[in-house]
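Some notes on the structure that comes next.
For clarity, every value in this text was computed on a predicted model and none was experimentally measured.
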Amino acid sequence: MILDIKQFDELKNHLGIRITEEPPFGGVDYFLPFFEKMKSDSSVLIIKLDGERKENMYTVLVSGTLLGDEGSIRVDTSNLTEGVAYVIIEYAKRVWGWIDN
């Protein structure tokens with residue numbers, strides 16, 4: 001899973017989201033406008049930090065009725081930023097109808 005800045009530029013333009021912070025990503029606060037958009041869809045986003053794990057210690061999960069039969073998107077990762085990015089991109093494809101170029 002590699003974070004593609006170009007994907008996020010395309011996605012934020014597609015959604016009309018304005019972000020003042022520019023890459024490189026400094027942390028998950030860059031993604032707050034995307035979190036807010038998910039919240040407005042009545043979806044639930046959970047970020048879990050598991051100190052007992054040596055690898056894949058971050059779990060990022062989004063769930064909601066708009067995700068259909070699958071109901072959720074989840075990833076376990078060692079890189080929180082890349083995990084959040086993955087979940088947002090997958091959510092955008094499934095819920096917002098975004099097509100990755």
Side-chain angles (χ1 to χ4, degrees):
M1 167 176 17
I2 297 174
L3 185 60
D4 185 347
I5 295 169
K6 184 179 176 222
Q7 279 184 315
F8 272 90
D9 285 340
E10 292 171 3
L11 179 57
K12 68 184 181 183
N13 289 336
H14 174 78
L15 298 173
I17 291 177
R18 294 183 45 124
I19 299 177
T20 55
E21 179 184 343
E22 290 300 320
F25 301 112
V28 296
D29 49 329
Y30 176 86
F31 302 110
L32 287 175
F34 298 100
F35 296 164
E36 291 295 328
K37 177 100 172 97
M38 292 169 149
K39 182 178 80 172
S40 74
D41 293 340
S42 298
S43 291
V44 176
L45 175 72
I46 298 170
I47 299 174
K48 175 186 159 200
L49 291 70
D50 189 337
E52 294 181 355
R53 294 187 206 161
K54 299 292 185 222
E55 293 182 11
N56 296 327
M57 67 280 296
Y58 302 107
T59 300
V60 183
L61 170 86
V62 64
S63 65
T65 57
L66 294 178
L67 286 165
D69 292 338
E70 292 182 36
S72 68
I73 301 167
R74 175 188 170 141
V75 66
D76 295 314
T77 181
S78 294
N79 184 309
L80 179 58
T81 304
E82 288 184 1
V84 168
Y86 171 81
V87 167
I88 291 171
I89 293 293
E90 289 303 308
Y91 186 91
K93 290 175 183 176
R94 296 183 199 179
V95 176
W96 300 325
W98 183 66
I99 300 169
D100 185 12
N101 294 327

From I89 atom CD1 to E82 atom CD, the distance as rounded to the nearest 0.5 Å:
12.0 Å
Measuring from atom CG of L45 to atom OH of Y91, what distance do you get when rounded to the nearest 0.5 angstrom?
9.5 Å
Below 3.5 Å, can you tabulate the donor-acceptor pairs from side chains in residues 67-74 to any protein atom, sequence neighbours excluded?
residue: E70; atom: OE1; partner: R94; partner atom: NH1; Å: 3.0
residue: R74; atom: NH2; partner: D76; partner atom: OD1; Å: 3.3
residue: R74; atom: NH2; partner: D76; partner atom: OD2; Å: 3.4

Between the NZ atom in K93 and the CD atom in Q7, the distance rounded to the nearest 0.5 Å is 6.0 Å
May I ask whether V44 and M38 are part of the same hydrophobic cluster, defined by side-chain heavy atoms of I, L, V, M, F, W, Y residues being less than 4.5 angstrom apart, directly or through others?
no
For the atom pair CG (D41) and CD (E36), what is the distance rounded to the nearest 0.5 Å?
11.5 Å
Looking only at heavy atoms, which two atoms of T81 and N79 are closest? And how far apart?
N-OD1, 3.1 Å
Heavy atoms, side chains only, cut-off 4.5 Å: are F34 and L11 in contact?
yes
F35-I17 co-clustered via ILVMFWY side chain contacts under 4.5 Å
yes
Looking at NZ of K37 and CH2 of W96, how far apart are the two atoms once the value is rounded to the nearest 0.5 Å?
6.0 Å
Please determine which of V60, L61, T59 meets the side-chain contact (heavy atoms from CB on, under 4.5 Å) test together with V75.
V60
Is it the case that Y86 and T77 place a side-chain donor and acceptor less than 3.5 Å from each other?
no
Could you see if V62 belongs to whatever hydrophobic cluster contains W98? Use Ile, Leu, Val, Met, Phe, Trp, Tyr and a side-chain cutoff under 4.5 Å.
yes
Using the rule that two of Ile, Leu, Val, Met, Phe, Trp, Tyr join whenever any of their side-chain heavy atoms come within less than 4.5 Å, decide whether I46 and V28 are in one cluster.
no
If you look at every heavy atom in S78 and Y58, which pair is closest and at what distance?
O-CE1, 3.5 Å
Check whether I99 and L66 end up in the same hydrophobic cluster, where Ile, Leu, Val, Met, Phe, Trp and Tyr are linked by side-chain heavy atoms less than 4.5 Å apart.
no
